[in-house]
Each structure stands twice: as structure tokens, then as C-alpha cells.
S.K.: 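Mind having a look at this structure? Questions to follow.
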2 protein chains.
Amino acid sequence: MQEGVRARKKRETRQAIIDAAIRLFGEKGFEATSIDELARAAGIGKGTIYGYFRTKLEIFFAFCEEQIDYSFSAVSTTHNSDAPLLEQLHTLFFSQFRFITANAEFGRQLVRELTFPSEANRNLSRDLDRRYLKTVQDILIAGKARGELHPDCDPLLATVHFYALYLLLISGWYSGYSTTHEDQSQALRALLQQALAGLGNGTLTQPLPPAVLEPIRALVATP
Amino acid sequence: MQEGVRARKKRETRQAIIDAAIRLFGEKGFEATSIDELARAAGIGKGTIYGYFRTKLEIFFAFCEEQIDYSFSAVSTTHNSDAPLLEQLHTLFFSQFRFITANAEFGRQLVRELTFPSEANRNLSRDLDRRYLKTVQDILIAGKARGELHPDCDPLLATVHFYALYLLLISGWYSGYSTTHEDQSQALRALLQQALAGLGNGTLTQPLPPAVLEPIRALVATP
DNA sequence: TTAAAAATTCGACCGTGGTCGGAATTCTAA
DNA sequence: TTAGAATTCCGACCACGGTCGAATTTTTAA
């Protein structure tokens with residue numbers, strides 16, 4: 001059966017909304033773009049949007065997907081699966097970090113919803129979680145085969161552990177504990193190294209960069 | 001000089017708003033309580049609220065402070081500074097976790113704003129960060145003195161490391177990777193243990209509870 | 001005591017995200 | 001070809017968070 005007018009329009013309209021979103025969110029940001037504008041730009045009425053997306057945030061996620069696809073593919077091309085675990089994880093997390101924080105407000109919305117999703121968006125956020133976790137897990141499994149992980153170490157448990165450090169990296173950025181990417185890069189390396197070495201015993205860990213350390217030290221030192 | 005009518009009223013009005021917030025947020029939740037209602041309940045006009053708080057979220061934080069104070073004091077009373085690091089950290093993080101997630105929507109708003117604060121709320125979130133980090137650091141320093149941490153391990157770096165695991169615990173809850181407190185408790189213990197032992201080498205780590213592990217495993221296994 | 005100044009109150013008002021039901025369009029079947 | 005069923009469209013409408021300036025209350029100074 002031929003694709004009917006209805007199905008074609010539905011596809012086209014959906015794409016028109018996303019295209020408009022990419023343009024307007026990119027130009028003016030998420031908050032500053034109203035649903036009304038978006039509808040006008042897509043050449044449709046406001047109410048129509050809600051036949052395609054349940055919420056403004058959902059449009060935002062559709063907008064993200066394309067960018068995230070690009071981001072992931074960029075990582076996989078520069079990915080060297082023979083490098084040490086530390087380097088591979090650092091490359092992955094840091095390039096994702098750079099992508100997310102390229103636009104502050106954009107990244108904040110995204111990461112808030114991904115990390116602490118409302119029930120309506122759980123499935124959306126889970127899809128993205130999966131890609132991250134899978135990528136990390138693959139790296140870890142290969143690393144374990146090379147003997148870089150303890151034989152009894154569960155790769156999955158290790159995966160979520162590293163994922164936690166990645167979250168902290170982003171949180172630290174938004175909390176203002178460091179303001180340069182260079183510092184964040186070093187902080188990430190220090191945390192990864194520490195996780196691999198273990199806190200209880202093991203080899204010396206690399207220190208955090210002073211620019212990151214000092215604000216935190218000052219914070220903790222305040223009476 | 002006597003306290004003028006103005007100063008007294010200001011204090012009273014502020015307290016009236018917070019009291020109304022405690023009641024209404026507690027009864028109906030944050031989202032479902034409108035500023036207008038809040039103003040009526042406090043016996044003032046809507047506009048007046050904005051002479052005391054810049055934003056609805058700021059009222060929410062004022063509401064939180066009292067609860068968080070209570071939560072921290074509850075922890076400090078049950079705190080046993082001679083127990084092993086693992087136990088102390090578990091007690092601290094888990095009781096905070098329970099507090100935060102006692103009301104789902106309340107907790108989500110709070111933790112989103114604390115973890116990825118907007119610039120306007122950075123200082124607010126930093127104040128709360130401080131309390132957490134300080135508490136953790138004190139525990140770690142004492143633990144290090146007892147020889148539970150590697151001598152070269154920087155307590156501050158270790159502090160942020162553990163803090164990351166705490167964030168993950170909350171994130172996992174909101175993402176629905178586990179639905180019972182018991183599972184979360186075990187997951188936290190496993191993560192803490194793993195961090196202490198180190199991922200690269202060291203002793204066997206305790207597994208995550210299956211109820212937590214399985215959804216993640218399934219997620220990662222999906223094609 | 002009083003009048004000018006300063007601080008505070010408040011509700012009408014704005015733009016927003018999201019809803020809803022009737023109008024318009026497309027599909028189905030005879 | 002056509003009538004009626006099913007779907008899609010859309011802008012008036014709603015409640016909300018937040019603003020603003022006129023009106024009120026308190027302070028200050030003569």
C-alpha cells in the first residue's frame with residue numbers, strides 16, 4: 001500500500017518542528033524560544049505541536065538526539081581500543097563533557113533531565129543512559145581481558161562507578177569549582193586514576209589541579 | 001535602638017511565608033502549590049512574596065533548610081566515629097538519601113538544583129555542598145589516621161570521589177534502576193567497597209544486588 | 001506635630017507552557 | 001462519487017510564575 005497523504009504529512013510536520021527547533025534553539029537557546037514561535041517557524045499552529053510532542057522538553061530531546069549522535073560518532077572515530085583504560089575513559093568522558101557544556105543552558109537542562117529524570121521522561125533518559133553505559137562497559141571488558149582490571153571486578157559495577165565520576169565532573173563544572181577545560185581534564189584524570197588504584201591502598205594518586213582543589217578546599221575550610 | 005515596626009513585620013512576614021510553605025509544600029507538593037495560594041495562606045498579597053524571595057525555588061530552599069538541618073543533626077547523633085570507614089560513609093549517605101527521596105518530587109527539585117545549579121542559585125547550593133563535603137572529609141581524615149586510607153591518598157580527592165558515588169545513588173533511584181531502599185543500601189555498600197578496594201587490583205568486591213543489577217544489565221544488553 | 005522621604009504592599013497585568021473542542025482534512029466503503 | 005467515520009489541526013483559553021507602579025505605611029527631620 002502506498003504511503004497516504006496523512007502519513008507523509010505527519011512525517012514532514014514532525015521534521016519541520018525539529019528543523020525549526022534546531023534553528024531556534026541554536027540561535028536563541030531553549031528558554032528564550034517559545035512554543036508559539038516554534039510553531040510559527042514550523043508553519044503550523046501551536047496546538048499541533050502537542051500532537052507530536054507531549055512537552056517542550058521532549059522537543060528539546062529530539063533536538064539533542066541528532067547532536068548526540070554526532071558526538072558519539074566523533075568519539076568512535078578517534079577511539080583507540082588499544083590505549084590504556086585510563087586514556088580511553090578520559091577521551092570518552094571528556095569529549096562528552098565538552099559537548100554537553102558547549103552551551104551552558106542547553107547542557108544544564110539536558111543533564112538535569114538525564115540524571116534525575118521525571119517519570120514522564122524516564123524512558124527517554126534511559127535510552128541515552130544505555131549508550132553511555134554500553135560504551136563504557138565495552139571499554140572495561142576489553143580492558144579486563146588485557147588484565148587492566150582485577151579479575152574479580154564486575155565490569156558492570158565498575159561501569160556505574162566510572163559513570164559516577166563522569167557525573168561529578170559535570171556537576172563540578174556547573175557548581176563553578178573549575179572554570180577551564182584544562183582543569184576539568186586534569187581533575188577527571190585524577191579521579192579515574194584514583195578509582196583504578198583504589199582509595200584504601202595502592203599506588204600514589206595524581207593530585208587534582210590546584211585551580212579545582214583550592215575552591216573546594218576553601219569551601220570545606222569555611223567555618 | 002528599639003526594633004522598629006518595619007523590622008519586626010519583615011521578620012514576621014518572612015516567617016509566615018516559610019510556615020505557609022512548610023504546610024502547603026508538605027501537603028500538596030512543590031509543583032502543585034501556586035505562589036498565589038502561598039501568599040493567601042501567609043495572609044499577604046502575591047507581589048509581597050517577591051520582596052522576600054526572588055523565585056519560587058528560593059522559597060523551596062528556605063523550606064528545605066529546616067528539614068536539612070534536622071536531617072544532619074539526626075545523622076550526627078547516630079554517628080559512631082570509631083566504626084569502619086565503610087560503615088560511617090554508608091550511614092551518612094544512606095540517611096541523606098532516605099531524607100531526599102522521602103518525597104519524590106521534593107527530592108528531585110532539590111537535587112537537580114544542588115547538583116547542576118543555575119548561576120543564580122550557585123551560592124545557595126554551595127552552602128549545602130559545604131556541609132556534605134565537610135562531614136565526609138572529617139570522616140575520611142579520621143579514617144586515614146587509623147590507617148584505613150592509603151597514606152598518600154588525598155582526603156579531599158577521596159571526598160569528592162565518594163560524593164560522586166552518593167550522586168549516583170540518587171540518580172539511580174530517580175532513573176528507576178532500583179525501587180526499594182534495601183537494594184539501594186546494598187548498591188551503595190558495593191560501590192563504597194569497590195572504591196576503597198580499587199578497581200585495578202585488590203580484593204574481591206561485593207556484588208550489586210540483583211534487583212539493581214538486572215535492569216542495568218538488561219539496559220546494556222539491549223541491541 | 002507634621003510633611004517630605006523611604007520602604008513596603010499588592011493586585012492588575014504580561015508572556016509562558018499546555019489544554020480543549022469544534023473545524024478542517026483525509027480515509028474508507030458502498 | 002459520495003457520505004460518514006476517523007484523524008489532524010489550531011487558536012481561544014487556562015493557570016502559572018513573575019513584574020510593575022500606584023497606593024499605603026513607616027521613618028526621618030525640622
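The model shown is predicted, which means the values in this text are computed figures rather than measured ones. Chain letters run A, B, ... following the sequence lines, proteins first, then strands; residues in each count from 1.
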S.K.: So what does A:Gly45 hit on the nucleic acid, given a heavy-atom distance under 4.0 Å: a base, only sugar-phosphate, or nothing?
M.R.: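 Counting heavy atoms under 4.0 Å across all strands, the contact made by A:Gly45 is with sugar-phosphate only.
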
S.K.: Whole-Å distance between C:dT16 P and A:Tyr50 OH?
M.R.: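 After rounding, the gap between these two atoms is 12 Å.
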
S.K.: If you compare every side-chain N and O of A:Lys56 against the phosphate oxygens of C:dG18 (OP1, OP2), does one of them come in below 4.0 Å?
M.R.: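 So the side chain of A:Lys56 is outside the cut-off, no N or O lying under 4.0 Å from OP1 or OP2 of C:dG18.
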
S.K.: Nearest-Å distance, CZ (B:Arg40) to P (C:dC10)?
M.R.: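 Rounded to the whole Å, the gap is 11 Å.
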
S.K.: Could you give the CD1-to-C1' distance, from B:Ile35 to C:dT16, as a whole number of Å?
M.R.: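 Spelled out: CD1 on B:Ile35 to C1' on C:dT16 is 15 Å.
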
S.K.: Does the pair B:Asp19/B:Arg14 count as a salt bridge with the N-to-O cut at 4.0 Å?
M.R.: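 Salt bridge: no.
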
S.K.: Across the strands shown, which category fits B:Ser34 at heavy-atom distances under 4.0 angstrom: base, sugar-phosphate, nothing?
M.R.: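 The answer is sugar-phosphate, as B:Ser34 gets under 4.0 Å only of primed atoms, P, OP1 or OP2.
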
S.K.: Under a 3.5 Å distance rule, please check whether B:Thr55 uses its side chain to pair with a backbone N or O of B:Glu58 as donor and acceptor.
M.R.: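 Answer holds: no.
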
S.K.: Toward the 5' end of DNA chain C, which comes first, A:Arg54 or A:Ala32, by nearest nucleotide?
M.R.: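 Its nucleotide being nearer the 5' end, the pick is A:Ala32.
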
S.K.: With a non-hydrogen cut-off below 4.0 angstrom, is B:Lys46 in contact with a base, only sugar-phosphate, or nothing?
M.R.: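 Result for B:Lys46 = base.
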
S.K.: Ring centres under 6.0 Å, that's the criterion: do A:Phe162 and A:Phe93 meet it?
M.R.: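 They do not qualify: ring centres at least 6.0 Å apart.
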
S.K.: How would you label the contact of A:Tyr52 with the nucleic acid (heavy atoms, under 4.0 Å): base, sugar-phosphate, or nothing?
M.R.: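 Contact class for A:Tyr52: sugar-phosphate only.
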
S.K.: Compare side-chain N and O positions of A:Thr48 against OP1 and OP2 of D:dC10 and report whether any pair is under 4.0 Å apart.
M.R.: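 Affirmative; the distance criterion is met.
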
S.K.: Please state how far atom NZ in B:Lys9 lies from atom C1' in C:dC10, giving the value in whole angstrom units.
M.R.: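 Roughly 12 Å, once rounded to whole Å.
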
S.K.: Both A:Gly47 and A:Asp36 contact DNA chain C. Taking the nearest nucleotide for each, which residue is further toward the 5' end?
M.R.: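 Checking each residue's closest nucleotide, the 5'-ward one belongs to A:Asp36.
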
S.K.: Under 4.0 Å between a side-chain N/O of A:Thr55 and OP1 or OP2 of C:dG18, yes or no?
M.R.: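 Answer yes for this pair, as a side-chain N or O of A:Thr55 is under 4.0 Å from OP1 or OP2.
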
S.K.: Measure from CZ on B:Arg8 to P on D:dT25 and round the result to the nearest Å.
M.R.: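 One finds 15 Å between P of D:dT25 and CZ of B:Arg8, rounded.
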
S.K.: Measure NZ/A:Lys28 against C1'/C:dT16 and give the value in whole Å, please.
M.R.: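 A:Lys28 atom NZ is separated from C:dT16 atom C1' by 13 Å.
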
S.K.: Starting at atom CD1 of B:Ile17, determine the distance to atom C1' of C:dT8, rounded to an integer number of angstrom.
M.R.: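 To the nearest whole Å, that distance equals 12 Å.
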
S.K.: Which part of the nucleic acid, if any, lies within reach of A:Ile44 when heavy atoms closer than 4.0 Å are counted: base, sugar-phosphate only, or nothing?
M.R.: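 If one applies the 4.0 Å heavy-atom cut-off, A:Ile44 turns out to touch the sugar-phosphate alone, with no base involved.
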
S.K.: Once you round it to whole Å, what is the distance between P of C:dT19 and CD1 of A:Ile49?
M.R.: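 To the nearest whole Å, that distance equals 13 Å.
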
S.K.: Without swapping roles, check the side chain of B:Tyr174 against the backbone of B:Arg108 for a donor-acceptor pair under 3.5 Å.
M.R.: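 It does hold such a pair.
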
S.K.: Strictly distance-based, threshold 3.5 Å: is any side-chain N or O of B:Lys28 a donor or acceptor partner for the main-chain N or O of B:Arg23?
M.R.: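 No, the answer is negative, given that no donor and acceptor are paired below the 3.5 Å cut-off.
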
